[in-house]
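The chains referred to below are lettered A, B, ... by the order of the sequence lines, with proteins before strands, and numbering in each begins at 1. None of the values given here were measured: they were computed from a predicted structure.
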Amino acid sequence: MLQIYNTLTRQKEIFKPLKPGKISMYVCGITVYDYCHIGHARVLVAFDVITKFLRSQNWGVTYVRNITDIDDKIIRRANENGEEYTELTKRFIDYMHEDETRLGIARPDIEPRATAYINQILDMNKALIDKGYAYAASNGDVYYRVTRFADYGKLTNKNVDELLVGARIEVDEIKEDPRDFVLWKGAKAGEPAWKSPWGNGRPGWHIECSAMSKHCCGDTFDIHGGGPDLPFPHHENEIAQSEAANSCKYVNYWMHAGAVRVDGEKMSKSLGNFFTIRDVLEKYHPEVVRFLLVSSHYRSPINYAEDNLIEARTGLDRFYGALRDYVDVVPTPLSDLTESNYYKAFVDAMNDDFNTRVALAGMYDLVRDLNNASKADPALAIRLAGELKALGLILGILQENPAVFLQAGSSDQISAGEVERLIAERIQAKKDKQYARADEIRKALTDSGIVLEDSRDGTTQWRRE
RNA sequence: GGCGCGAUAGCAAAGCGGUUAUGCGUCGGAUUGCAAAUCCGUUGAGCCCGGUUCGACUCCGGGUCGCGCCUCCA
């Protein structure tokens with residue numbers, strides 16, 4: 001039984017799909033004017049794991065994640081660079097896809113872009129104007145009448161009357177009410193623009209998601225997800241737009257990922273304290289980054305720090321260490337695991353609001369049993385290795401060749417070939433009972449970040465720290 | 001000022017009204033030429049003050065502290 005924490009009701013709820021066995025999910029994606037940072041990676045990985053798990057449980061998931069490819073920041077950045085905004089967005093969309101691929105994130109089923117949905121956006125604007133929820137201002141902007149929508153604030157518990165108090169809302173004579181937000185922006189000279197009944201312009205930020213989700217998921221859909229900074233105003237405004245325009249409930253379950261912090265502060269572009277995915281992948285294996293993100297619950301804040309990455313690496317080393325002798329074992333089909341207690345524990349944890357942390361705790365139990373079986377019961381060990389890989393597959397981890405992973409550490413000051421050569425020399429020294437020489441070689445390798453592990457059969461395996 | 005989240009052992013991080021979370025680390029043992037890895041064991045929690053209860057880390061109330069949103073931000 002699947003339970004999901006719903007931001008709207010602020011509690012965990014039993015998930016009930018609109019259509020039996022199906023889930024329509026729309027997640028707010030990236031505004032493409034810069035490299036993705038770790039905060040983006042968290043949302044991307046979280047919903048990737050969620051999708052993979054749901055599919056593993058035979059839910060028919062339609063996963064939609066949009067790309068915002070027109071907005072003020074994009075225009076400004078393109079101007080700074082002296083290029084067309086489309087060149088800028090194309091480049092950063094490509095970079096985003098590269099980052100996703102490296103982190104093992106599968107593409108969503110549909111990846112709609114705002115600029116491809118201008119007609120739908122215009123249609124929704126017209127509908128909102130016709131129904132009296134929106135108005136065209138004198139400058140070509142179209143605004144949403146926040147006070148017209150009775151449920152405004154229901155997602156984030158805002159009181160419309162109090163929105164003005166203490167809030168930093170700029171007064172603007174163009175608007176009827178300072179709380180109104182823009183649906184369509186009239187174009188200034190030289191700005192990218194599309195024709196509209198209100199003059200040339202471009203969509204406001206919130207309306208694109210209402211239009212694209214309607215088109216891709218329907219007027220009402222199951223799950224809407226996004227980052228920690230989106231509930232207000234973005235998702236609140238989406239609700240106002242969609243429910244007013246479509247005259248029905250917009251979304252059943254709202255899901256929001258937790259923030260990634262640096263030194264206790266939220267990592268964000270506006271604070272400038274962000275690490276791009278690329279920065280981090282220079283130093284850490286992509287799976288280490290993914291493991292770090294998976295090893296805490298998706299709603300908890302996590303701290304981005306070197307120590308936590310090292311810890312993630314240590315955790316993965318344990319998994320891959322256990323799998324090292326089972327390179328050829330493939331993930332067991334889940335249909336063969338219905339009696340497995342490991343699998344049951346895993347599914348129970350994941351069904352409970354996607355509790356990856358608890359799921360991993362069970363996988364560590366499996367690792368221990370696998371390590372024991374390695375010595376005592378080879379057939380059992382092979383079976384357990386297959387189970388472990390099957391669970392890892394759902395989380396998007398543990399599919400690498402273990403030796404390759406373990407030898408791909410951060411310290412590359414010595415080549416694999418050189419390591420192998422020294423190991424061969426050390427094995428000979430050991431055979432000759434030249435232990436001083438053997439230890440000398442091992443010491444030298446240790447200093448280069450290489451850890452040796454002698455086996456009973458006289459071979460030596462190695463890994464980078 | 002409004003709304004919301006959190007406070008768990010050396011660190012990280014979960015569930016749970018009474019029964020081992022888990023990982024890393026520590027310490028001891030097995031194993032090893034010595035190590036590493038592995039295994040076995042060990043260590044050690046629940047911000048403060050009240051209340052409910054036979055019993056609370058877990059529920060309720062009140063504090064304190066931290067964080068997020070209220071403006072573009074995943």
Side-chain angles (χ1 to χ4, degrees), chain A residues 7 10 27-31 33-34 36-44 46-47 65 68 71-73 76 153 155-159 161-170 205 225-234 236 256-261 264-272 274 292 295-297 299-303 305 307-308 310-319 321-322 324 348-349 352 355-365 367-368 370-372 374-376 406 430 433-436 438-439 442-443 446 450-456 460-463 465:
Chain A
T7 308
R10 285 174 292 285
V27 174
C28 286
I30 313 285
T31 302
Y33 69 101
D34 204 344
C36 292
H37 58 62
I38 296 299
H40 296 119
R42 183 170 203 197
V43 175
L44 265 22
F47 286 99
R65 197 189 60 224
T68 297
D71 99 315
D72 292 353
K73 292 182 297 300
R76 195 180 64 222
L155 178 66
T156 51
N157 230 3
K158 302 275 190 238
N159 181 325
D161 295 331
E162 288 169 0
L163 270 179
L164 287 169
V165 184
R168 289 159 285 183
I169 294 177
E170 52 186 276
W205 174 36
D229 36 16
L230 295 184
F232 193 91
H234 184 52
E236 200 70 74
H256 293 96
V260 178
R261 296 177 182 167
E265 271 194 318
K266 191 181 77 161
M267 178 185 297
S268 75
K269 286 185 179 172
S270 56
L271 287 171
F274 61 91
L292 170 69
S295 57
S296 69
H297 185 81
R299 281 189 286 113
S300 309
I302 58 172
N303 207 38
D307 285 355
N308 293 331
I310 292 167
E311 192 175 306
R313 165 80 198 198
T314 306
L316 270 181
D317 280 354
R318 183 161 163 77
F319 282 109
R324 181 147 54 181
D348 284 349
D352 184 8
N355 197 330
T356 49
R357 183 71 186 196
V358 171
L360 280 175
M363 289 169 71
Y364 280 112
D365 289 339
V367 164
R368 190 192 54 240
L370 167 57
N371 283 330
N372 277 321
S374 276
K375 289 176 263 181
L406 292 166
K430 279 174 48 171
K433 304 264 191 264
Q434 304 273 334
Y435 291 122
D439 291 350
R442 186 173 63 203
K443 173 73 165 53
T446 303
I450 304 298
V451 180
L452 299 189
E453 294 169 16
D454 293 342
S455 313
R456 264 204 199 77
T460 295
Q461 295 182 302
W462 63 277
R463 62 191 165 85
E465 276 190 316

Looking at every strand, decide which applies to A:A259 at a 4.0 Å heavy-atom threshold: base, sugar-phosphate, or nothing.
base

Counting any heavy atom closer than 4.0 Å, what does A:G258 reach on the DNA or RNA strands: base, sugar-phosphate only, or nothing?
base

Starting at the 5' end of RNA chain B, which residue's closest nucleotide do you reach first, A:R10 or A:D439?
A:R10

Out of B:G68, B:G4, B:C34, whichever nucleotide has its closest atom nearest the side chain of A:D454:
B:C34

Work out how far the C1' atom of B:C47 is from that of B:C65, and round it to whole angstrom.
8 Å

Just checking A:S300: base, sugar-phosphate only, or nothing, at a heavy-atom cut-off of under 4.0 Å?
sugar-phosphate

Rounded distance in Å - CD (A:E162) to C1' (B:G2)
6 Å

Closest listed nucleotide, where the reference is the side chain of A:R463 and the choices are B:A12, B:A36, B:G15
B:A36

Choosing from B:A14, B:G33, B:A74, which nucleotide comes nearest the side chain of A:A438?
B:G33

Counting only side-chain heavy atoms from C-beta out, which of B:C70, B:A13, B:G33 sits nearest to A:F232?
B:C70

Can you say whether a donor on the side chain of A:S270 sits under 3.5 Å from an acceptor on the base of B:C72, or the other way round?
yes

Using a cut-off of 4.0 Å on non-hydrogen atoms, how would the nucleic acid contact of A:G226 be classed: base, sugar-phosphate, or nothing?
sugar-phosphate

Could you tell me the Watson-Crick or G-U partner of B:C69, where both distances fall under 3.5 Å? Say none if there is no partner.
B:G2

Less than 4.0 angstrom between a side-chain N/O of A:S295 and OP1 or OP2 of B:G23, yes or no?
no

Touch class at under 4.0 angstrom, heavy-atom based, for A:G264 against every strand present
sugar-phosphate

Out of B:C24, B:C34, B:U22, minimum distance to the side chain of A:R357 belongs to B:U22

What does A:L230 touch in the nucleic acid at a heavy-atom separation under 4.0 angstrom: a base, only the sugar-phosphate, or nothing?
sugar-phosphate

Identify which nucleotide among B:A12, B:A36, B:U38 has an atom closest to any side-chain atom of A:V451, counting heavy atoms from C-beta outward.
B:A36

Base, sugar-phosphate alone, or nothing: which one does A:N372 contact when heavy atoms must sit under 4.0 Å apart?
sugar-phosphate

For A:R299, report the nucleic acid contact type (base, sugar-phosphate, nothing); a contact means any heavy atom under 4.0 Å.
nothing

Which value, in whole Å, describes the distance between the C1' atoms of nucleotides B:C16 and B:A21?
10 Å

For B:C49 versus B:C57, give the span between their P atoms, rounded off to a whole number of Å.
12 Å

Working to the nearest 0.5 angstrom, can you tell me the gap between A:S268 OG and A:H40 NE2?
9.5 Å

Grab the CD1-P distance between A:I302 and B:A14 for me, whole Å please.
10 Å

Considering every strand shown, what is the Watson-Crick or G-U wobble mate of B:G41 when both distances are under 3.5 Å?
B:C27

Are OP1 or OP2 of B:C34 and a side-chain N or O of A:K430 less than 4.0 angstrom apart?
no

Any side-chain to backbone donor/acceptor pair from A:R261 onto A:K266? Under 3.5 Å, distance only.
no

Among B:C69, B:U38, B:A14, which nucleotide sits nearest the side chain of A:N371?
B:U38

Taking it one step at a time, do A:R318 and A:M363 satisfy side chain to side chain contact (heavy atoms under 4.5 Å, CB included)?
CA-CA 11 Å; A:R318 183 161 163 77; A:M363 289 169 71; over 6 Å; no

According to a strict under-4.0 Å criterion, is A:K433 in side-chain N/O contact with OP1 or OP2 of B:G33?
no

A:K266 has an atom NZ; how far is it from atom C1' of B:A74, in whole Å?
8 Å

Counting the atoms with a prime plus P, OP1 and OP2 as sugar-phosphate, which does A:H297 contact under 4.0 Å by heavy atoms, base, sugar-phosphate, or nothing?
sugar-phosphate

To the nearest 0.5 Å, what is the distance between CG (A:L163) and CD (A:E236)?
8.5 Å

The side chain of A:L163 lies closest to which of these nucleotides: B:C70, B:A14, B:C34?
B:C70

When you measure from the side-chain N and O atoms of A:R318 to the phosphate of B:U38, is any distance below 4.0 Å, counting only OP1 and OP2?
yes

Need to verify one output field. Residue with the more 5' nearest nucleotide on RNA chain B, A:N303 or A:I38?
A:N303

Under 4.0 Å between any heavy atoms, over every strand shown, what does A:P231 touch: base, sugar-phosphate, or nothing? Just pick one.
nothing

Heavy atoms only, 4.0 Å cut-off, all strands: where does A:R42 land among base, sugar-phosphate and nothing?
nothing

Output the distance between atom OG (A:S295) and atom CG (A:N308), rounded to the nearest 0.5 Å.
8.0 Å

I need the minimum non-hydrogen distance between A:A322 and A:L370, along with the two atoms involved.
O-CD2, 3.7 Å

So what does A:R368 touch, heavy atoms closer than 4.0 Å: a base, only the sugar-phosphate, or nothing?
sugar-phosphate

From the list B:A74, B:U22, B:U31, which nucleotide is the closest neighbour of the side chain of A:Y364?
B:U22

Candidates B:G2, B:G33, B:G4 - which lies nearest the side chain of A:N157
B:G4

Charged N-O contact under 4.0 Å between A:D317 and A:R313:
yes

Given atom CE of A:M267 and atom P of B:C69, what is their separation to the nearest angstrom?
14 Å

Paired with B:U19: which nucleotide, if any, by Watson-Crick or G-U wobble criteria at under 3.5 Å for both distances?
none

Considering every strand and a 4.0 Å limit on heavy-atom distances, what is the contact class for A:V260: base, sugar-phosphate, or nothing?
base

Rounded to the nearest 0.5 Å, the CZ atom of A:R10 sits from the OG1 atom of A:T156 at a distance of 8.5 Å

